[in-house]
Protein chains: 2
Amino acid sequence: MTNDTFKLDKCPMTRTMAILGSKWKPVIIYTLSKRHLRFGQLAAQMPLISRKVLTDQLKELEEDNILLREAYNELPPRVEYSLTAKGLALLPILQQMCEWNKQFEGHVGACEAR
Amino acid sequence: MTNDTFKLDKCPMTRTMAILGSKWKPVIIYTLSKRHLRFGQLAAQMPLISRKVLTDQLKELEEDNILLREAYNELPPRVEYSLTAKGLALLPILQQMCEWNKQFEGHVGACEAR
DNA sequence: AATAGTGGTAACCTGTACGTAACTAACGAC
DNA sequence: GTCGTTAGTTACGTACAGGTTACCACTATT
């Protein structure tokens, strides 16, 4: 679904799904909505995602301009991730997805990032 | 993403994505929002989706209670698909996805079901 | 000189979403 | 007895998302 061809699809829903429609991206975006986070903090908050997959997803989200990656030239290295305006604008959609789910599938869980 | 394990995930966003997050489901739901459609009509409105994949997606959406499948005992057979309340409640989300895309990626296309 | 802490990368594997093409059952029309 | 129409099904192939594990470069600390 994150295929590049879908990003060029005629349908804007499909194009949005091409950006959002992977297993972890909504959770990553939601997690970053609260505050800027370093790579390790992100990984710690989502223990189920592997570091490799997290790196991949962050890279794609950065390419799609959803989040900002700031690498500081320090030692040990520090890399901070935060949402762009484009990424912040996705939050109402994610919020609605939460509400829809709670409304129609019972209150199984909360909007927690794991 | 449409994996059954994701439907039992702790995160309601992930659970919603497990229902919505495939290549064709948003388009199918949007197409059915206008009117009830027979299988052949659906297939005709979305020429790029193969009949087999369309059948698969419809079956999954029916299992998830997003749409209603009504088979009439006629000849030639007639099967009509329509959205349930749960499916209709997804439309605002799809709508927002369209708007987000138009806002941040330019007016490349319209909310057309193909 | 070994260890810890950072933010990754490289090699490899697997399940499944998606696609193609051919086939089916049932009946009426001709 | 064969053709058309509908709503699929069956068999098969493939690309890729997602996962595991091991490894790297850099420095300060001990």
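In the text below, chain A, chain B and the rest are named by the order of the sequence lines, each starting its count at 1. Just so it is clear, the structure is predicted and the values come from calculations on it, not from any experiment.
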Strictly by modelled atom types, are B:Glu99 and B:Gln95 linked by a side-chain donor-acceptor pair under 3.5 Å?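 Result is yes, a qualifying pair exists.
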Picking from [options], which would you name as closest to the side chain of [X]?
| X | options | result |
| --- | --- | --- |
| A:Val79 | C:dG8, C:dC18, D:dT5 | C:dG8 |
| A:Pro77 | D:dA7, C:dG7, C:dC18 | C:dG7 |
| B:Arg69 | D:dC26, D:dG8, C:dG19 | D:dG8 |
| B:Thr55 | D:dA7, D:dT5, D:dT9 | D:dT9 |
| B:Arg51 | C:dT6, C:dC18, D:dG8 | D:dG8 |
| A:Lys52 | D:dT5, D:dT20, C:dG7 | D:dT20 |

Measure from [atom1] on [X] to [atom2] on [N] and round the result to the nearest Å.
| X | N | atom1 | atom2 | result |
| --- | --- | --- | --- | --- |
| B:Leu37 | D:dG8 | CG | C1' | 17 Å |
| A:Leu20 | D:dA17 | CG | C1' | 16 Å |
| B:Asp56 | C:dC18 | CG | C1' | 9 Å |
| A:Leu48 | D:dG19 | CG | P | 9 Å |
| B:Glu60 | C:dA17 | CD | P | 7 Å |
| B:Lys23 | C:dG19 | NZ | C1' | 9 Å |
| A:Phe6 | D:dC16 | CZ | C1' | 10 Å |
| B:Leu54 | C:dA21 | CG | P | 17 Å |

Examine C:dA17: is either OP1 or OP2 under 4.0 Å from a nitrogen or oxygen in the side chain of B:Gln57? Give yes or no.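 No, no such contact exists.
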Does D:dA7 have OP1 or OP2 sitting under 4.0 Å from an N or O in the side chain of B:Arg38?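 Affirmative; the distance criterion is met.
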Using a 4.0 Å heavy-atom cut-off across all strands, classify [X] as base, sugar-phosphate, or nothing.
| X | answer |
| --- | --- |
| B:Lys59 | sugar-phosphate |
| B:Gln41 | nothing |
| A:Tyr81 | sugar-phosphate |

Heavy atoms, side chains only, cut-off 4.5 Å: are [X] and [Y] in contact?
| X | Y | result |
| --- | --- | --- |
| B:Tyr81 | B:Ile28 | no |
| A:Tyr72 | A:Glu80 | yes |
| A:Lys23 | A:Val53 | no |

Between B:Ile49 and A:Leu75, which is nearer to the 5' end of DNA chain C once each is assigned its nearest nucleotide?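 Between the two, 5'-proximity favours A:Leu75.
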Establish whether A:Met46 and A:Leu61 are linked, either directly or via other cluster members, by ILVMFWY side-chain heavy-atom contacts under 4.5 Å.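 A:Met46 and A:Leu61: one cluster.
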